[in-house]
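Working notes, beginning with the structure itself.
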Amino acid sequence: MCGRYTLASKVSDLRDLIDFHDDSLPDDFAARFNIAPTQDVLILRQEKVHHRPMPVMVRWGLVPFWADDPKIGNRMINARSETVVEKPAFRAALKYRRCLIPADGFYEWHRSVDSKTKTPYWIHRPDRKPFAIAGLWESWNKSGAGPLETCTILTTGPNALMGLIHDRMPVILQQKDFDRWLSAPPDQAASLAELLVPAPDDFLEAWPVSTKVNSPALDRPDLIDPIDESRLG
DNA sequence: CCAGACGTTGTT
DNA sequence: GTCTGG
DNA sequence: CCAGACGTTGTT
DNA sequence: GTCTGG
């Protein structure tokens, strides 16, 4: 699964990854080392006029448009790619409202065999450059206080590296697939399932970090510092 | 027909 | 909104 | 994901 | 134990 991630990359590196339309992001754009559910996160969704990805901030935790209570979003932080096509909460968004969620790392907690301790790992590219997670977004309009825009992260099974830590991982899209993911017409959304697979085994590396990251209130650069010499991948 | 759910994860 | 269950 | 809160009436 | 909040 994916319930915490980082995005501290330079805008120029983000732009190398994704050819997005707006250039209004400052170069120090919100370096974040502990992005947690319910917080506003950067997503890129297709911009109709220019046919290019457009950056927008939305709340992490998808609230289906038909929901009566937006609190449901607290548990809709991930969507299983194996079932996303049919699940009522996600299927409309899969057809009409897909997005890219940029990140340069994410956290997973490895449970010891006796299940007594949980060690967080920071998982990232060896060159620490950003990558794009497959996401869905939604707009909820029942509050009377203007639309609430939200998103969720698609998950899939683990690759070889992630299998050492956890049994799920976020779907990381390859650059060549970005346009198809964002632009496929609604009646072809189901075929996008072929993109929702684990990242190549050598795409990421991982190292253990301090349990300071457990608290969503902490957001500091040292959260990604390795706590020892061990490294996976 | 109407009422009620609609989700993921991990743990027991 | 749409499907399942009663 | 983890942290932190959890509640009202009647009965023990 | 389970839900809410970040």
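Naming convention: chains lettered A, B, ... in sequence-line order (proteins, then strands); numbering from 1 in each chain.
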**Interatomic distance, E82(A) CD vs dT9(B) C1' [rounded to whole Å]** = 13 Å

**Request:** Can you tell me the distance, in whole Å, between the CZ atom of F90(A) and the P atom of dG7(B)?
**Result:** 7 Å

**Asked** Just checking Y5(A): base, sugar-phosphate only, or nothing, at a heavy-atom cut-off of under 4.0 Å?
**Response** nothing

**Asked** Separation of E138(A) atom CD from dG7(B) atom C1', in whole Å?
**Response** 14 Å

**Message:** What I want to find out is whether R128(A) reaches D104(A) closely enough, with some N-O distance under 4.0 Å, to be called a salt bridge.
**Reply:** no

**Prompt:** Is T155(A) touching bases, backbone alone, or none of the nucleic acid, heavy atoms closer than 4.0 Å?
**Reply:** sugar-phosphate

**Contact nearer the 5' end of DNA chain B, comparing I72(A) with C2(A)** = I72(A)

**Request:** Report the relative orientation of the aromatic rings in W122(A) and W207(A); use parallel for angles under 30°, tilted for 30 to 60°, perpendicular for over 60°.
**Result:** tilted

**Request:** Nearest whole angstrom, please: distance from the P of dC1(D) to the CD1 of I224(A).
**Result:** 22 Å

**Euclidean distance for C1', dC2(D) against dT9(B) (whole angstrom)** = 12 Å

**N or O in side chain of T83(A) less than 4.0 angstrom from dT8(B) OP1/OP2** = yes

**Asked** With respect to the side chain of N214(A), which nucleotide from dC1(D), dT9(B), dA3(D) is positioned closest?
**Response** dA3(D)

**Asked** In B/S/- notation, 5' to 3', how is nucleotides 1-6 of chain C contacted by protein heavy atoms closer than 4.0 Å?
**Response** BSS---

**Asked** Are a donor atom and an acceptor atom from the side chains of T156(A) and E82(A) found within less than 3.5 Å of each other?
**Response** no

**Asked** Which part of the nucleic acid, if any, lies within reach of L62(A) when heavy atoms closer than 4.0 Å are counted: base, sugar-phosphate only, or nothing?
**Response** nothing

**Any side-chain donor near an acceptor of the partner, N214(A) and W109(A), under 3.5 Å** = yes

**Message:** Classify T152(A) by what it touches in the nucleic acid, base, sugar-phosphate, or nothing, heavy-atom distance under 4.0 Å.
**Reply:** nothing

**Length of the CE-P vector between M76(A) and dC1(D), whole Å** = 15 Å

**Gap in Å between the two P atoms, one belonging to dG5(E) and one to dA3(B), rounded** = 28 Å

**Request:** Mind calculating the distance between CZ (R75(A)) and P (dG7(B)) to the nearest angstrom?
**Result:** 11 Å

**Asked** dC6(B) C1' sits how many Å from K87(A) NZ, rounded?
**Response** 9 Å

**Message:** Looking only at the side chains, is there a donor atom on one of H124(A) and E205(A) sitting less than 3.5 Å from an acceptor on the other?
**Reply:** yes

**Request:** Decide yes or no for M162(A) and P198(A): does some side-chain heavy atom of the first lie under 4.5 Å from some side-chain heavy atom of the second?
**Result:** no

**Stems where DNA chain B pairs, listed by first number, each of three or more Watson-Crick or G-U pairs under 3.5 Å** = B:1-6 with C:1-6

**Asked** Across the strands shown, which category fits N74(A) at heavy-atom distances under 4.0 angstrom: base, sugar-phosphate, nothing?
**Response** base

**Prompt:** Under 3.5 Å, is there a donor-acceptor pair linking the side chains of N78(A) and T155(A)?
**Reply:** no

**Item:** E149(A) and W137(A), any side-chain heavy atoms less than 4.5 Å apart
**Value:** yes

**Message:** Can you check the distance between dC1(D) and dG7(B), where both ends of the measurement are the C1' atom (answer in whole Å)?
**Reply:** 15 Å

**Request:** Figure out the CH2/P separation between W140(A) and dC6(B), and round it to whole Å.
**Result:** 19 Å

**Asked** If you check the A89(A) side chain, which of dG7(B), dT8(B), dA3(D) turns out closest?
**Response** dG7(B)

**Request:** State whether a side-chain donor-acceptor pair under 3.5 Å links Q39(A) with R32(A).
**Result:** yes

**Message:** What's R80(A) touching, base or sugar-phosphate or nothing? Going by heavy atoms closer than 4.0 Å.
**Reply:** sugar-phosphate

**Item:** Distance between C1' atoms of dT8(B) and dC3(E) (Å, rounded)
**Value:** 14 Å

**Message:** Between the side chains of R97(A) and E138(A), is the shortest nitrogen-to-carboxylate-oxygen separation below 4.0 Å, so that they form an ion pair?
**Reply:** yes

**Prompt:** Linking I/L/V/M/F/W/Y whenever their side-chain heavy atoms sit closer than 4.5 Å, directly or via other members, would F33(A) and F106(A) fall into one cluster?
**Reply:** no

